[in-house]
Undergrad: 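Structure in structure tokens, see below.
Predicted model only: the values in this text are computed from it and were never measured.
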Amino acid sequence: MESHGTGVGRILLLVFCIAGIWSAYITQGVLQETISTKRFGPEGKRFEHLSFLNLAQNVVCLIWSFMMLKIWSRSSSGGAPWWSYWSAGITNTIGPAMGIEALKYISYPAQVLAKSSKMIPVMLMGTLVYGIKYTLPEYMCTFLVAGGVSVFALAKTSSKTISKLAHPNAPLGYGLCFLNLAFDGFTNATQDSISVRYPKTSAWDIMLGMNLWGTIYNMVYMFSSPTGSGFEAVQFCKEHPEAAWDIFLFCLCGAVGQNFIFLTISRFGSLANTTITTTRKFVSIVVSSLLSGNPLSIKQWSSVIMVFSGLSYQIYLKWRKLQKKRKSM
């Protein structure tokens, strides 16, 4: 009876984590698309300073992680020092900024799909630089994802979707997304290195360190000169409070989503988190298509299915490898 209760408790906790991740990041995606495409006020002005979203996200997550550390952290010793995040902070500032800027040039579904192909640069770097040999199923996953993204990019985008973009330019938009992935790869590798060198570093420590440096870099970039884009962004928010509210909710969703990701990884492992976040991306594309007026053609839907088939197969391969590892122990 006790084990049954524990099993039911784990299922309920997993459902809670799924609901939290999905609701936080799907809502954040809707808000991100709204901020990048909506025309505010009677003048119909666009919010052009999308990099400001990164600064706002950094500030909110910095405050959030500081609060979580004060509330939940039992010990402050043994974690990585704050200065150790300076290099990862640079790439974590530039990468996401490129991803958000891409929304000026390509639609939100296209951006989500392009950013889902993280395995492509990882495998390319692994093969060309480090001489890593991958299995045939792993190459099949990459082929499905790369093929799906390529088909989506080459398929004709509806005129309704194009009309919502600030500066339609598919090559530039996809290029920014892939640069975002490259910078993310360095960021993740540096974070892993920090975790190995300082084993007592918690997820909140990493979140605090990364967002501290992100705030510093973005403040310097956006406010270092009197004509900096940060001042224009703040002025826009003063003139259009609706935009400021959307930006605040966007940041809050990101902070809450991080909570659920940390909870999922700590209780169910990284594989469960990968599965939840991957399915969330697919749902985000569906929501964008239905609610935000981004109609996709049959060819584009086929490419979406190709990409997520490849990602699902990759998750299955990881699960099978994990099961084999457990049996051999």
Undergrad: Same cluster or not: Met219 versus Ile216, using hydrophobic residues (I, L, V, M, F, W, Y) connected whenever any side-chain heavy atoms lie under 4.5 Å apart?
TA: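 Shared cluster, yes.
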Undergrad: Are any side-chain N or O atoms of Thr201 and backbone N or O atoms of Ala80, one a donor and one an acceptor, separated by less than 3.5 Å?
TA: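 Between the backbone of Ala80 and the side chain of Thr201 there is a qualifying donor-acceptor contact (under 3.5 Å).
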Undergrad: Just verifying a value: how many Å separate Thr187 OG1 and Leu181 CG, rounded to the nearest 0.5 Å?
TA: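 The CG atom of Leu181 is 11.0 Å from OG1 of Thr187, to the nearest 0.5 Å.
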Undergrad: Would you kindly confirm whether Val151 and Leu144 end up in one hydrophobic cluster when ILVMFWY residues are joined by side chain heavy atoms under 4.5 Å apart?
TA: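 No, Val151 and Leu144 fall in different hydrophobic clusters.
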Undergrad: Report the distance from atom CG of Asn169 to atom CD1 of Ile162, rounding to the nearest 0.5 Å.
TA: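 Output value for this atom pair is 11.5 Å.
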Undergrad: Testing the 3.5 Å rule here: is there a donor-acceptor pair between the side chains of Thr135 and Glu138?
TA: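 There is such a pair between these side chains.
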Undergrad: Between Ala170 and Ile106, which heavy-atom pair has the shortest distance, and what is it?
TA: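 Scanning both residues, the minimum pair turns out to be CA-CG2, 3.7 Å.
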Undergrad: Parallel, tilted or perpendicular: which one describes the rings of Tyr316 and Tyr313, with boundaries at 30° and 60°?
TA: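 Correct class here is parallel.
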Undergrad: Considering all heavy atoms of both residues, which atom of Ser202 and which atom of Leu69 are nearest to each other, and what is their separation?
TA: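 For Ser202 and Leu69, the tightest heavy-atom pair comes out as OG-CD2, 4.0 Å.
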Undergrad: Just wondering, do Thr275 and Trp319 contact through their side chains at under 4.5 Å, heavy atoms?
TA: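 With C-beta onward as the side chain, the pair stays apart.
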Undergrad: Is it the case that the side chain of Thr279 and the backbone of Ile276 share a donor-acceptor pair, with hydrogens and angles ignored and the cut-off at 3.5 Å?
TA: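 Such a contact is found between Thr279 side chain and Ile276 backbone.
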Undergrad: Tell me, do Cys141 and Leu311 make a side-chain contact under 4.5 Å, heavy atoms counted?
TA: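 A side-chain contact is absent here, since even the closest heavy-atom pair is not under 4.5 Å.
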Undergrad: With the 4.5 Å side-chain cut-off for hydrophobic clustering, are Val60 and Leu249 part of the same group?
TA: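 No; tracing contacts between hydrophobic side chains, which count when under 4.5 Å, never links both residues.
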Undergrad: Could you measure the distance from the CE atom of Met210 to the OG atom of Ser65? Nearest 0.5 Å is fine.
TA: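 Rounded to the nearest 0.5 Å, the CE-OG separation comes out at 11.5 Å.
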Undergrad: Using side-chain heavy atoms (C-beta onward) and a distance below 4.5 Å, is Gln28 in contact with Glu33?
TA: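 No; the side chains remain at least 4.5 Å from each other.
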Undergrad: What's the shortest heavy-atom distance between Asp184 and Pro96, and which atoms?
TA: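 The answer is OD1-CD, 4.3 Å.
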Undergrad: Once rounded to the nearest 0.5 Å, what's the spacing between atom CE of Met98 and atom CG of Leu176?
TA: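 These two atoms lie 6.5 Å from each other.
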Undergrad: Would you check if the side chain of Gln258 reaches a backbone N or O of Ala255 as a donor-acceptor pair within less than 3.5 Å?
TA: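 No.
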Undergrad: Please report the shortest heavy-atom distance between Leu113 and Ser303, naming the atom on each side.
TA: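 Nearest heavy atoms, Leu113 then Ser303: CD2-OG, 4.4 Å.
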Undergrad: To check you understand the geometry: which heavy-atom pair defines the closest contact between Ala114 and Tyr174, and what is its length?
TA: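 Looking at all heavy atoms of both residues, the shortest contact is CB-CD2, 3.8 Å.
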Undergrad: Within the structure provided, determine whether Ser51 and Glu101 are in side-chain contact (heavy-atom separation under 4.5 Å).
TA: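 Contact flag for Ser51/Glu101 side chains = yes.
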Undergrad: Linking I/L/V/M/F/W/Y whenever their side-chain heavy atoms sit closer than 4.5 Å, directly or via other members, would Phe248 and Val234 fall into one cluster?
TA: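 Phe248 clusters together with Val234.
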Undergrad: State, with a plain yes or no, whether a side-chain heavy atom of Glu232 is found less than 4.5 Å away from one of His49.
TA: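 Sidechains of His49 and Glu232: in contact.
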Undergrad: Tell me, do Phe282 and Ser116 make a side-chain contact under 4.5 Å, heavy atoms counted?
TA: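 No, too far: nothing below the 4.5 Å cut-off.
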Undergrad: Are the aromatic ring centres of Trp83 and Trp213 under 6.0 angstrom apart?
TA: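 Centroid distance Trp83-Trp213: not below 6.0 Å, so no.
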Undergrad: About how many Å separate CG of Asn54 and OG1 of Thr215, when rounded to the nearest 0.5 Å?
TA: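 CG of Asn54 is found 10.5 Å from OG1 of Thr215.
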Undergrad: Using a 6.0 Å cut-off, check whether atom OH of Tyr139 has over 12 heavy atoms from anything other than its own residue.
TA: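 Result for OH/Tyr139: enclosed.
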Undergrad: How about Phe16 and Phe260: are their ring centroids closer than 6.0 Å?
TA: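 They qualify: ring centres under 6.0 Å apart.
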Undergrad: Indicate yes or no for a side-chain donor-acceptor contact from Tyr108 to the backbone of Thr34 under 3.5 Å, with no hydrogens or angles considered.
TA: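 It does not hold such a pair.
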Undergrad: Check whether any side-chain N or O of Gln32 sits under 3.5 Å from a backbone N or O of Ile100 as a donor-acceptor pair, and report yes or no.
TA: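 The answer is no, because no donor-acceptor pair under 3.5 Å joins these two groups.
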Undergrad: If I compare all heavy atoms of Phe52 with all of Gly230, which pair ends up nearest, and what's the gap?
TA: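 Here Phe52 and Gly230 meet closest at CE1-O, 4.5 Å.
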Undergrad: With a sphere of 6.0 Å drawn around OH of Tyr221, does it hold more than 12 non-hydrogen atoms of other residues, nucleotides or ligands?
TA: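 Counting other residues, nucleotides and ligands, OH of Tyr221 stays at 12 neighbours or fewer.
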Undergrad: Hey, is the main chain of Thr274 close enough, under 3.5 Å, to the side chain of Thr278 for a donor-acceptor pair?
TA: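 Here the side-chain-to-backbone pair exists.
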Undergrad: If we ignore hydrogens and angles and just use 3.5 Å, is the side chain of Arg280 paired with the main-chain N or O of Ile21 as donor and acceptor?
TA: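 No: the side chain of Arg280 does not pair with the backbone of Ile21.
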Undergrad: Within a radius of less than 6.0 Å around CD1 of Ile298, do more than 12 heavy atoms belonging to other residues, nucleotides or ligands occur?
TA: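 12 or below, so no.
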Undergrad: Is it true that a side-chain atom of Lys104 and a backbone atom of Glu48 form a donor plus acceptor pair closer than 3.5 Å?
TA: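 Answer holds: yes.
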Undergrad: Walk me through whether Thr37 and Leu103 qualify under side-chain contact (heavy atoms from CB on, under 4.5 Å).
TA: CA-CA 8 Å; Thr37 60; Leu103 289 172; over 6 Å; no
Undergrad: Assigning hydrophobic clusters by single linkage (Ile, Leu, Val, Met, Phe, Trp, Tyr; side-chain heavy-atom cutoff under 4.5 Å), is Ile94 placed with Tyr85?
TA: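 Yes, Ile94 and Tyr85 fall within the same hydrophobic cluster.
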Undergrad: A side-chain contact here means heavy atoms from C-beta on lying under 4.5 Å apart; do Ser302 and Phe152 qualify?
TA: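 Of all side-chain heavy-atom pairs linking Phe152 with Ser302, none is under 4.5 Å.
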Undergrad: Mind running side-chain contact (heavy atoms from CB on, under 4.5 Å) on Ser284 and Tyr25 for me, showing each step along the way?
TA: CA-CA 8 Å; Ser284 292; Tyr25 285 110; 5.9 Å; no
Undergrad: With heavy-atom distances below 4.5 Å as the criterion, would you say the side chains of Cys17 and Phe268 are in contact?
TA: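 In short, these two side chains touch, coming nearer than 4.5 Å.
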Undergrad: Let me see the working for Lys164 and Arg39 under side-chain contact (heavy atoms from CB on, under 4.5 Å), right down to the final yes or no.
TA: CA-CA 9 Å; Lys164 293 169 69 177; Arg39 294 182 180 275; over 6 Å; no
Undergrad: Pair Phe262, Trp204 - check ring pair (Phe, Tyr, Trp, His ring centres under 6.0 Å), show working.
TA: CA-CA 9 Å; Phe262 294 157; Trp204 298 120; 5.0 Å; yes
Undergrad: Taking atom CZ of Phe223 as the centre, does the number of heavy atoms from other residues, nucleotides or ligands within less than 6.0 Å exceed 12?
TA: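 More than 12 heavy atoms, drawn from other residues, nucleotides or ligands, come within 6.0 Å of this atom.
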Undergrad: Report the C-alpha separation of Thr161 and Ser107 in whole Å, then their side-chain angles, then the decisive distance to 0.1 Å, and conclude whether the side chain to side chain donor-acceptor pair (under 3.5 Å) test is met.
TA: CA-CA 7 Å; Thr161 299; Ser107 67; 5.9 Å; no
Undergrad: Taking Asn211 for the side chain and Met207 for the main chain, is one N or O donor matched with an acceptor at less than 3.5 Å?
TA: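 Such a contact is found between Asn211 side chain and Met207 backbone.
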Undergrad: Nearest 0.5 Å, what's the CD-NZ distance between Gln111 and Lys281?
TA: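 It comes to 10.0 Å.
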Undergrad: Any side-chain donor-acceptor pair under 3.5 Å between Thr190 and Ser87?
TA: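 Thr190 vs Ser87: no donor-acceptor pair found between side chains.
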Undergrad: Under the criterion side-chain contact (heavy atoms from CB on, under 4.5 Å), I'd like the reasoning laid out for Ile247 against Cys251: C-alpha separation, chi angles, the key distance, then a yes or no.
TA: CA-CA 6 Å; Ile247 291 170; Cys251 299; 4.3 Å; yes
Undergrad: After noting the C-alpha distance and the side-chain angles of Asn218 and Asn58, does the key distance pass the side chain to side chain donor-acceptor pair (under 3.5 Å) rule?
TA: CA-CA 9 Å; Asn218 275 309; Asn58 287 146; 2.8 Å; yes
